[in-house]
Engineer: 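First, the structure itself, so that you have it in front of you.
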Amino acid sequence: MAEIHLRGVVAIDLDGTLLRDTTVSSLLGVRFGDPLEIAELERAYSAGEIGNDVFAERSARTLRGVRLDDVAGILRSACWLDGIRQAVVSLHESDLEVVLASITWAFASRMVADHFGFDGACGTEMGIADGVLDGDVRRYCLPADKAAFAVDRCRRAGLGPNRLAALGDSQGDLPLFAAAGLSVAVNGSEPAVAAADVSVRTRDLRDAVPLILAYFSTLELAERVLPL
């Protein structure tokens, strides 16, 4: 089989971007914890009063003893942006790697990545034994960490950060946007739209694909005209 020349990496946020108007933590909090407590944590995080480390520590205990199979069922029934799987296929067909860059629970990120065909995922790690969550946070993932994760995927492919396209919706995506050659706010908040190179409002992820492909085509044309 001929070796595939990877053109770039596309890093996509999960909460608020692919999962519209809610978060993984909120979905799990409604089912397994105290919805009011999770709502207050979400408010405090959005307001910048706490970081994801505090959020994770306070919400983790409600997930102790929860089975991954039950989490998967909740995620399958969630309200996702349309066209995710098809968008990923289109990006793969254009020789782009597609990863899920998220600060939410890594076990959920990996489930979502596997379901929709992403090439990798990051997130906050919780201990798991025999398919059951133990409620102990093992490693935090902060906004800067998901940016570093995406940049490292480029580095591992021998690509510079200008070969990274980032999609997100909130202030938590600003470090990812700053690290990328192209940043796309998808149904973004005011801070995300202000920081992004381009903004799109849509219910279908496929609407962002032409923007991404146009960026890489323009980049490659410029490199042929003015080789580095």
Side-chain angles (χ1 to χ4, degrees), residues 1-20 80-104 106 109-123 141 143 145-169 172-188 192 195-228:
M1 181 181 296
E3 182 178 356
I4 296 175
H5 173 67
L6 192 66
R7 299 170 67 198
V9 175
V10 181
I12 306 178
D13 173 56
L14 197 165
D15 288 338
T17 302
L18 299 182
L19 187 59
R20 290 202 62 185
W80 297 96
L81 208 63
D82 292 335
I84 297 175
R85 189 187 305 276
Q86 296 92 330
V88 171
V89 169
S90 294
L91 295 170
H92 281 162
E93 289 175 345
S94 294
D95 298 331
L96 296 168
E97 181 178 83
V98 190
V99 297
L100 198 57
S102 178
I103 63 172
T104 195
S109 289
R110 288 191 288 265
M111 289 178 184
V112 174
D114 290 345
H115 179 72
F116 288 115
F118 286 75
D119 301 299
C122 68
C141 186
D145 297 318
K146 72 176 186 179
F149 163 77
V151 170
D152 183 63
R153 297 295 293 219
C154 288
R155 182 193 60 78
R156 289 164 56 182
L159 301 170
N162 67 326
R163 291 286 181 162
L164 172 64
L167 281 65
D169 75 296
D173 295 305
L174 299 194
L176 180 61
F177 283 5
L182 172 70
S183 53
V184 182
V186 179
N187 302 316
D197 296 310
V198 63
S199 174
V200 59
R201 295 203 170 272
T202 181
R203 293 186 175 276
D204 195 315
L205 187 63
R206 286 171 288 190
D207 290 337
V209 171
L211 301 173
I212 298 167
L213 299 185
Y215 169 75
F216 282 102
S217 295
T218 300
L219 183 65
E220 289 156 358
L221 177 61
E223 290 174 348
R224 286 195 293 271
V225 174
L226 297 171
L228 300 179

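Nothing here was measured: the structure is a model prediction, and the numbers come from that model. In this chain, numbering begins with 1 at the start of the sequence shown.
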Engineer: Could you walk me through whether Leu96 and Val9 satisfy the side-chain contact (heavy atoms from CB on, under 4.5 Å) test, starting with their C-alpha distance in whole Å, then the side-chain angles of each, then the deciding distance to 0.1 Å, before giving a yes or no?
Structural biologist: CA-CA 6 Å; Leu96 296 168; Val9 175; over 6 Å; no

Engineer: So do the side chains of Leu159 and Leu6 get within less than 4.5 Å of each other, counting heavy atoms only?
Structural biologist: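 Yes. Closest side-chain heavy atoms under 4.5 Å.
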
Engineer: Would you say Arg7 and Ser94 make side-chain contact, with heavy atoms under 4.5 Å?
Structural biologist: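 When only atoms from C-beta onward are counted, Ser94 and Arg7 do touch, with a gap below 4.5 Å.
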
Engineer: If you look at every heavy atom in Gly188 and Ala192, which pair is closest and at what distance?
Structural biologist: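 So the minimum-distance heavy-atom pair works out to CA-CB, 4.3 Å.
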
Engineer: If every non-hydrogen atom of Ala196 is compared with every non-hydrogen atom of Phe177, which pair is closest and at what distance?
Structural biologist: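 Ala196 and Phe177 have their closest heavy atoms at CB-CE2, 3.8 Å.
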
Engineer: With side-chain contact (heavy atoms from CB on, under 4.5 Å) as the criterion, how do Arg153 and Asp119 come out once you've worked through the C-alpha distance, each side chain's angles and the decisive distance to 0.1 Å?
Structural biologist: CA-CA 10 Å; Arg153 297 295 293 219; Asp119 301 299; 4.1 Å; yes

Engineer: Answer yes or no: is there an ion pair linking Asp173 with Lys146, defined by an N-O contact shorter than 4.0 Å?
Structural biologist: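 Between Lys146 and Asp173 there is a salt bridge, with a charged N closer than 4.0 Å to a carboxylate O.
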
Engineer: When rounded to the nearest 0.5 angstrom, what distance separates CG in Leu176 from CG in Leu164?
Structural biologist: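 The CG atom of Leu176 sits 6.0 Å away from the CG atom of Leu164.
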
Engineer: With a 4.5 Å heavy-atom cut-off, do Pro143 and Ile103 have their side chains touching?
Structural biologist: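 Of all side-chain heavy-atom pairs linking Ile103 with Pro143, at least one is under 4.5 Å.
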
Engineer: Step by step, work out the side-chain contact (heavy atoms from CB on, under 4.5 Å) result for Ile12 and Leu205.
Structural biologist: CA-CA 10 Å; Ile12 306 178; Leu205 187 63; 4.2 Å; yes

Engineer: Is any side-chain heavy atom of Arg85 closer than 4.5 Å to a side-chain heavy atom of Val88?
Structural biologist: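 Not touching, per the 4.5 Å side-chain cut-off.
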
Engineer: Distance from Leu18 atom CG to Ser109 atom OG, nearest 0.5 Å?
Structural biologist: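 Output value for this atom pair is 10.0 Å.
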
Engineer: Any side-chain heavy-atom pair from Asn187 and Leu81 closer than 4.5 angstrom?
Structural biologist: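 Yes, side chains in contact.
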
Engineer: Could you grab the distance from atom OG1 of Thr202 to atom CG of Asp82, nearest 0.5 Å is fine?
Structural biologist: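 So the OG1 of Thr202 and the CG of Asp82 are separated by 8.0 Å.
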
Engineer: Using the side-chain contact (heavy atoms from CB on, under 4.5 Å) rule, take Val209 and Leu91 through it: C-alpha gap first, then chi angles, then the decisive distance, then the call.
Structural biologist: CA-CA 7 Å; Val209 171; Leu91 295 170; 4.2 Å; yes

Engineer: What distance do Leu221 atom CG and Phe216 atom CZ have between them, rounded to the nearest 0.5 Å?
Structural biologist: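 Leu221 CG to Phe216 CZ: 15.0 Å, rounded to 0.5 Å.
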
Engineer: Rounded to the nearest 0.5 Å, what's the gap from CZ on Arg110 to CZ on Phe118? Could you check?
Structural biologist: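 It is 15.0 Å, given to the nearest 0.5 Å.
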
Engineer: Give me the atom names and distance for the closest heavy-atom approach of Val112 to Trp80.
Structural biologist: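 So the two residues come closest at CG2-CH2, 3.5 Å.
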
Engineer: Within the 4.5 Å heavy-atom criterion, are Glu97 and His92 side-chain neighbours or not?
Structural biologist: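 Answer no - side chains too far apart.
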
Engineer: What's the shortest heavy-atom distance between Ala208 and Leu167, and which atoms?
Structural biologist: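 Looking at all heavy atoms of both residues, the shortest contact is CB-CD2, 3.9 Å.
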
Engineer: Would you mind reporting whether Val10 and Val99 have side-chain heavy atoms less than 4.5 Å apart?
Structural biologist: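 No, too far: nothing below the 4.5 Å cut-off.
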
Engineer: Quick one: pull up CG in Asn162 and OH in Tyr215 and give me the separation to the nearest 0.5 Å.
Structural biologist: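 Here the rounded value is 5.0 Å.
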
Engineer: Over all heavy atoms of both residues, which pair between Ser102 and Cys141 is shortest? Give the atoms and the distance, please.
Structural biologist: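 Heavy-atom minimum between the residues: O-SG, 3.5 Å.
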
Engineer: Are Arg163 and Glu220 close enough for a salt bridge, meaning some N to O gap below 4.0 Å?
Structural biologist: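 Salt bridge present between Arg163 and Glu220.
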
Engineer: What's the shortest heavy-atom distance between Ala165 and Ile212, and which atoms?
Structural biologist: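 For Ala165 and Ile212, the tightest heavy-atom pair comes out as CB-CG2, 4.3 Å.
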
